[in-house]
Each structure stands twice: as C-alpha cells, then as structure tokens.
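Here's the structure, in structure tokens; my notes come after.
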Amino acid sequence: MTLRIGNFSGFYGDRFDALREMLTGGEVDVLTGDYLAELTMLILARDRLKDPSAGYARTFLRQLEDTLGLAHEKGVRIVTNAGGLNPAGLADAVRQLAGRLGLPVRVAHVEGDDLTARHPGSLAAHAYLGGFGIAECLRAGADVVVTGRVTDAALVTGPAAAHFGWKPTDHDRLAGAVVAGHVLECGAQATGGNYAFFTERDPRELRRPGFPLAEIHPDGSCVVTKHPGTGGFVDVGTVTAQLLYETGGARYAGPDVTTRLDTVRLTQDGPDRVRIEGVRGEVPPPTLKVGRNRLGGFRNEVVFVLTGLDIEAKAALVRAQMSDALAASPPADVRWDLARTDRPDADTEETASALLRLVVRDPDQQKVGRVLSGAAIELALGGYPGFHVVAPPGKGSPYGVFEDVYVPQGDVGHVAVLDDGRRITVDPPQDTAVLDDVPPPAPPEPLPPGPTVRAPLGRVVGARSGDKGGNANVGVWARTDDAWRWLAHELTVERFRELIPEARELPVTRHALPRLRALNFVVEGILGEGVAAQARFDPQAKALGEWLRSRHADIPEVLL
C-alpha cells in the first residue's frame with residue numbers, strides 16, 4: 001500500500017532532465033513538479049499580457065515531449081502546478097502533445113484559484129487551493145493533472161488522498177502528507193542542495209544531487225529518500241533544513257489541514273532514508289490565502305565603483321552630487337547601500353574597490369530613467385577620483401509588488417475538470433478554526449557554565465532562510481542535544497537583532513520547535529514589498545541564514 005511520490009522540479013527553471021532522471025532512476029508511482037513562486041506568478045502574468053494564450057510554464061511541455069511515452073509505459077502519473085495562470089490552456093496543450101505522440105493519455109486540470117477579476121489593479125490574484133481537486137482528477141483516472149495556484153504540499157496531499165481514500169476529516173494523515181510535500185517541494189534542497197554543512201561531504205557527491213521521493217504509508221507517515229546511485233544525500237539534517245524553509249510557528253496552516261510542526265519526529269532509517277512520523281493535524285483555518293501581484297511602478301539602479309583610499313569620503317561626495325542633480329525632480333524612493341568589499345593594500349584593483357549602490361523607484365518612469373542616467377553619467381569627469389560604474393543605468397523597468405489577502409474558503413470555486421469535460425466541485429472543509437499561536441514550549445535545561453571560544457555560529461548550528469512576501473524566515477537548528485540546550489538560550493530575539501542589524505527596528509517573532517532542535521525566526525518587512533520589488537541586496541533572503549551563521553558568538557568549548 002506504500003505510495004511512492006517523487007519530485008522533478010522545485011521552481012520554474014529547475015534541471016530540465018530531472019523528469020527523465022526520475023522516470024528511469026528507480027520505482028515511483030507519482031511524479032510532482034512545482035513551478036510556481038510569488039515571483040513566477042508575476043512573470044507569467046506579464047507573459048499573459050503579451051499573449052492571452054500564455055500564462056503557463058512552457059518548460060514543462062518541452063520536458064514532456066520525450067518523457068510522456070515513458071511515463072505512460074511505466075504507469076507513472078504526473079501532477080504539476082505548471083498551469084500557473086492558465087491550467088486549462090496547458091491541459092489542452094498536453095492533450096495535443098499526447099495526440100501527436102499517439103498516446104492514450106487522460107489529462108485533467110484544477111481551476112478556481114484565479115480571483116484576479118475580484119481585485120482591480122492586480123496583474124494576478126490567485127487563491128492557494130488544497131489537494132482534493134487533484135484527488136478528484138486522479139480518482140477519475142487522470143494520467144496527468146495540471147493545476148494553477150495550489151499550495152506546494154497539495155501536489156503530494158492530493159495523490160495521497162486519492163490513493164488511500166482519505167477524507168477531509170483525516171487530519172493527522174493529511175498533515176503527514178503535508179510534511180512530506182513540504183520536504184519534496186523544493187527538489188534537491190532535500191538531497192543536499194543548499195545545505196549548511198555541505199563541506200562535510202565528498203564534493204563529488206554534491207555536483208549533481210538527485211531529486212527526492214517519499215514513500216508514503218496509509219497512516220500519513222513516510223520515508224524520504226532518493227533513487228539509488230543518484231548524487232547528493234538524505235539525512236536528518238537535510239530534511240530538517242527543508243522543513244524549516246519558509247515556515248513560521250508550530251501551526252503550519254493550509255487549505256486542507258493545519259499541520260503541527262512541533263509534533264514531527266525524524267529518525268535516520270538507513271543510508272539516504274529519513275523516517276517522518278508522529279505528525280498531528282488540526283482543522284484548517286476558515287480563510288484561504290490569496291497571492292496578489294500588481295505593478296508598483298518603475299525602478300532603476302546604478303552601482304558606483306569606489307577604489308582605494310577615502311572610500312567613505314568618495315561615497316559622501318557622489319551622494320551629495322546625485323542629490324543635487326535629482327533635486328528638481330526627485331524620485332519617490334531613493335536608497336543607497338555601500339558594500340565595503342575593499343581590502344587595504346589589495347593586490348588587485350577589484351579587491352581594492354567598494355560598491356556604492358543607488359536604487360530609485362517612482363510611479364513615473366521618466367524620474368527613474370533618463371533623469372537618473374543623465375545625472376550619473378554627467379559626473380564622469382567631475383566626480384570622485386577613479387569614477388566609474390559597473391554598468392550605465394537604463395530607462396528604468398517596471399517592478400512588482402506582492403501582497404497577501406485572505407478570503408473565506410467558501411468564496412472560492414474549487415473545481416476539478418476531467419479529461420471528458422465533466423466538472424466536479426470540491427466543497428470547502430466543514431470544520432475550521434481561526435489560527436492561534438501555540439504557547440511557547442518550556443526551554444531545555446541550559447548547559448552548565450564552562451569555558452567558551454569566540455567563533456562563528458555556523459560551527460555548531462545550521463540555517464536555512466527564505467521569503468514570504470515582504471517577510472523573511474530564518475530557521476536555525478542544532479545537531480546535538482547539547483547544542484540545542486545552548487542554542488535555545490543563546491539565540492533570543494534580542495540576540496538575533498544584534499547579529500542581524502537590519503532587523504533591529506523590525507518586528508521579529510521567535511518560534512521554538514524542540515523536536516527538531518530548532519528555532520524559526522520571522523522578520524516582518526525586511527523584504528519591503530516582496531521579491532519583485534528588490535528592496536535589498538538579497539531580495540529573497542536566501543542567504544540571510546548563512547549571514548547569521550557567519551556571525552560570531554561565545555560558544556562553549558564542549559560544543560566545538
């Protein structure tokens with residue numbers, strides 16, 4: 001009765017050959033492809049502005065051209081959110097492909113997530129649907145299921161619910177599948193990709209990590225693994241890192257179930273096998289999240305290179321000169337960042353240089369276009385010594401804004417559209433509950449006093465970070481019980497703010513997950529209006545956790 005679900009895509013642009021690799025590398029029953037992210041929805045929306053028949057991930061269709069026959073031959077079903085803004089269009093394209101290949105493939109799709117018409121001014125506004133529309137498609141015999149915006153984990157909960165006959169009230173089983181889906185959704189991040197302790201592995205092992213799969217059991221427990229002989233590795237650390245990625249507190253809300261991340265138990269079940277069990281689920285919240293993308297205006301940037309001596313004085317001069325030049329028609333938002341990449345007595349010009357970045361935003365493209373480029377370039381012979389820029393600024397480009405809004409579950413028409421055109425309405429859950437924070441657990445006993453060494457946090461803890469709209473999360477975990485005893489007391493919100501100065505004036509919430517020996521920090525507003533607005537150097541906070549690991553602390557000698 002075990003259901004083997006694998007992943008072949010973690011984002012739009014992931015490894016093209018992964019679908020074939022997963023079909024030929026070992027046994028699997030269902031393959032899932034995740035193509036959507038907040039930024040991807042904006043990209044697809046802009047595609048649709050140019051071509052109303054667009055709006056889906058064309059890469060997926062190209063991947064199917066030489067793998068659909070193999071999937072059909074092996075009886076592997078494919079579930080993907082590559083439909084993006086146009087799942088019906090992609091489903092039709094897959095049918096046409098199957099017809100050209102002479103394959104009797106049944107294609108279904110899920111719709112109802114598109115709420116753009118209800119949100120004037122939006123390029124795209126889509127509700128995050130659950131997995132039961134996917135389940136209806138599979139129960140009706142679909143070989144390929146295409147969705148629009150569903151939760152990433154729904155690509156796994158849907159097939160599991162269909163296979164095992166789960167009902168909407170099977171909260172613990174659904175929660176187990178949500179955890180499996182969250183581990184699988186980002187592909188190779190569960191098999192050693194982007195892993196904090198990668199230096200402990202053979203470099204050859206990490207050159208081409210395989211993609212993950214989960215062996216899901218009827219009770220919702222699972223084993224995360226990968227195909228034999230593929231690169232990368234699966235251990236408790238890689239699974240912990242992915243579990244913390246882009247999550248918040250102990251209650252992880254979804255359309256079908258609220259998953260209690262504080263109940264997850266991980267154990268190594270052999271080489272490249274991690275068992276996940278004990279997951280508890282609760283009724284879902286009464287509302288669905290809607291991701292709304294709109295154009296925020298226009299942005300432009302110029303990066304000034306400051307070389308050698310008097311870096312601060314050079315930066316002050318160019319800022320003053322640019323302020324004077326822009327004074328007649330100042331952009332609405334002006335931001336300066338000085339990156340001190342320079343070194344004293346450097347042996348190359350590049351390492352003797354710092355980068356001064358100017359970013360401007362305004363609803364009027366003129367104010368960020370020719371006005372900025374003219375002001376910057378006119379300083380070429382009248383600015384600081386050694387004046388040059390990385391590249392001349394252009395005309396200015398539109399930028400996007402991502403916002404979360406919420407609507408009642410019953411206000412969204414979740415529909416499974418079968419291969420023969422029949423439409424099955426998916427009812428919203430009957431029982432729901434408003435989400436409340438779980439009371440913080442009691443901290444572990446602190447380590448006894450002893451000698452310490454000043455060293456980077458990353459010597460003893462791992463981290464993974466990511467974005468949710470304008471917020472960032474940083475998950476930090478320890479690999480031993482003693483390290484957890486120290487981490488739980490050392491890394492308070494106040495200490496986090498000291499180590500990450502950008503967070504000092506922002507709301508920061510700490511969530512403790514003792515079973516994972518982990519802390520999860522949510523930093524509100526650090527990413528401005530979301531990744532498309534590019535408000536900071538690392539607009540998706542992908543490396544925020546690695547910056548934290550590089551900061552120094554007084555670490556007990558016994559942990560080093």
Side-chain angles (χ1 to χ4, degrees), residues 10 34 36-38 127-132 149-158 160-161 166 168-186 189-190 214 216 220-222 224 239-266 274 276-291 404 406 409 429 431-441 464-469 471-477 509-524:
D34 182 5
L36 301 184
E38 294 167 1
Y128 288 71
L129 302 180
F132 279 96
R149 180 75 274 186
V150 296
T151 65
D152 300 338
L155 301 177
V156 171
T157 61
W166 294 342
T169 53
D170 289 322
H171 296 130
D172 289 347
R173 294 178 176 89
L174 289 167
V178 166
V179 170
H182 186 61
V183 173
L184 296 188
E185 70 183 55
C186 289
Q189 279 197 169
I216 300 180
S221 65
C222 72
V224 176
V239 173
T240 298
Q242 181 55 27
L243 274 177
L244 296 173
Y245 182 65
E246 295 181 347
T247 59
R251 284 193 166 105
Y252 184 56
D256 301 319
V257 65
T258 294
T259 302
R260 289 292 296 264
L261 295 179
D262 56 347
T263 64
V264 177
R265 291 199 304 268
L266 305 179
V274 172
I276 303 177
E277 55 193 348
V279 185
R280 301 299 302 274
E282 300 171 343
V283 296
T287 57
L288 289 179
K289 175 181 171 181
V290 178
D404 287 345
Y406 291 84
Q409 290 231 27
D431 296 324
T432 62
V434 175
L435 211 64
D436 290 322
D437 288 336
V438 174
R464 179 165 288 167
S465 55
D467 64 314
K468 281 294 182 186
N471 302 338
N473 96 287
V474 185
V476 187
W477 80 94
T509 305
R510 181 182 113 148
H511 304 281
L513 299 168
R515 288 195 176 184
L516 298 176
R517 294 192 293 239
L519 302 173
N520 205 2
F521 293 88
V522 178
V523 187
E524 297 180 32

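All values below come from the heavy atoms of this structure, side chains included, with hydrogens, waters and symmetry mates left out.
Judged purely by atom type and a 3.5 angstrom limit, D34 uses its side chain to pair as donor or acceptor with the backbone of L36. In this structure, the side chain of R515 engages the main chain of T263 through a donor-acceptor pair within 3.5 Å. In this structure, the side chain of E38 engages the main chain of G469 through a donor-acceptor pair within 3.5 Å. Between the side chain of Q409 and the main chain of D256, no donor-acceptor pair closer than 3.5 Å is present. In this structure, N473 contributes its side chain and L244 its backbone to a donor-acceptor pair below 3.5 Å.
Residues D170 and W166 come closest through the heavy atom pair OD2-CA, 3.3 Å. Scanning all heavy atoms of the two residues, the minimum distance from G248 to V522 falls at CA-CG2, 4.0 Å. Annotation for W477 and L516: closest pair CB-O, 4.1 Å, computed over non-hydrogen atoms. The nearest pair of heavy atoms linking L174 to P168 is CD1-O, 3.8 Å. Residues L519 and R510 share a closest heavy-atom pair of CD1-NH1, 3.6 Å. H171 approaches P284 most closely through the heavy-atom pair NE2-CD, 4.3 Å.
Counting heavy atoms from C-beta outward, P255 and T151 have side chains that approach closer than 4.5 Å. For the pair D437 and T509, the minimum side-chain heavy-atom distance is 4.5 Å or more. No side-chain heavy atom of L243 sits less than 4.5 Å from a side-chain heavy atom of Y252.
Between the NZ atom of K468 and the OH atom of Y245 there is a distance of 8.5 Å, given to the nearest 0.5 Å. The distance from atom OG1 of T258 to atom CZ of R251, rounded to the nearest 0.5 Å, is 7.5 Å. With values rounded to the nearest 0.5 angstrom, I276 atom CD1 is found 10.5 Å from H182 atom NE2. Taking CG from D262 and NE2 from H511, the interatomic distance works out to 11.5 Å, rounded to the nearest 0.5 Å. The CG atom of N520 sits 11.0 Å away from atom CD of E246, with the distance rounded to the nearest 0.5 Å. Rounding to the nearest 0.5 Å places CD of E282 at 8.0 Å from CG of L435.
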Inset, instruction - I would like to know whether V156 and I216 meet side-chain contact (heavy atoms from CB on, under 4.5 Å); could you show each step before the answer? - result: CA-CA 10 Å; V156 171; I216 300 180; 3.6 Å; yes

Inset, instruction - Dump the intermediate steps for side-chain contact (heavy atoms from CB on, under 4.5 Å) on V224 and Q242, then the final yes or no. - result: CA-CA 12 Å; V224 176; Q242 181 55 27; over 6 Å; no

